[in-house]
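A short write-up of the structure that comes next.
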Amino acid sequence: MAYWLMKSEPEEFSIDMLKQRKREPWNGVRNYQARNFMRDGMRKGDGVLFYHSNCAEPGVVGIAEILCAAYTDPTQFDPKSDYFDAGSKYDEPRWLMVDVGYKRKLKRTISLNELKERPELGDFALTRRGNRLSVLPVTAEQWQFILALE
DNA sequence: GCCAACGTTGGC
DNA sequence: GCCAACGTTGGC
């Protein structure tokens with residue numbers, strides 16, 4: 001079992017929306033590195049730190065889980081979608097997605113600021129300089145440490 | 001709204 | 001293959 005952190009802008013899709021819907025196809029990832037994490041790393045049952053980005057208090061706000069291995073993201077073939085990719089072919093889809101399931105909200109937001117101040121996290125993909133990945137790996141140690149802060 | 005950091009595109 | 005221009009992410 002592996003652990004991940006997935007970012008979402010709360011105005012686009014918040015932890016409360018995931019709580020309501022219970023399950024969400026994580027479409028729209030259009031970064032190769034993030035796609036590779038989903039394709040090569042993610043398996044059913046993996047843990048997800050749900051992170052709010054681009055908001056007043058960026059940070060980890062909840063826990064989710066990966067519900068299935070990566071599969072074709074249909075929005076890449078939809079000309080009306082924001083995520084349409086004219087260069088992707090049906091028989092060779094460029095973009096994948098996973099389904100994410102709601103587990104629970106944290107009692108409080110564990111803010112980016114707080115995470116930056118924790119040397120215990122070591123080399124953490126989230127706080128690496130200039131990091132912009134929306135899907136990134138979390139070690140078992142980081143997972144436990146972050147949740148212990150709750 | 002600003003802007004640093006990064007990824008992508010496309011001319012050459 | 002290089003690299004300038006451009007677009008996007010996301011913290012502040």
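No experiment lies behind these values; they were computed from the predicted model shown. Letters go in sequence order (proteins before strands), and every chain restarts at 1.
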Starting at [atom1] of [X] and ending at [atom2] of [N], how long is that distance when rounded to a whole Å?
| X | N | atom1 | atom2 | result |
| --- | --- | --- | --- | --- |
| A/H52 | C/dG10 | NE2 | P | 13 Å |
| A/E11 | C/dG10 | CD | P | 14 Å |
| A/L133 | B/dA5 | CG | P | 16 Å |
| A/N54 | B/dC2 | CG | P | 15 Å |
| A/Q33 | B/dC6 | CD | P | 11 Å |
| A/R35 | B/dG7 | CZ | P | 15 Å |
| A/R128 | C/dG11 | CZ | C1' | 18 Å |
| A/E9 | C/dC12 | CD | P | 15 Å |

Within the structure, does a side-chain N or O atom of [X] lie under 4.0 Å from either OP1 or OP2 of [N]?
| X | N | answer |
| --- | --- | --- |
| A/R129 | B/dA5 | yes |
| A/Y32 | B/dC6 | no |
| A/K7 | C/dG10 | yes |

Options B/dC6, C/dG11, C/dG10, nucleotide nearest the side-chain atoms of A/P58: C/dG11
Within-4.5 Å side-chain heavy-atom neighbours: A/F13 and A/L18: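 In short, these two side chains touch, coming nearer than 4.5 Å.
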Within-4.5 Å side-chain heavy-atom neighbours: A/T109 and A/H52: no
Basic-acidic side-chain contact under 4.0 Å: A/R30, A/D85: no
Candidate list A/V61, A/V60, A/L149, A/I146, test side chain to side chain contact (heavy atoms under 4.5 Å, CB included), partner A/L106, passing option: A/V60
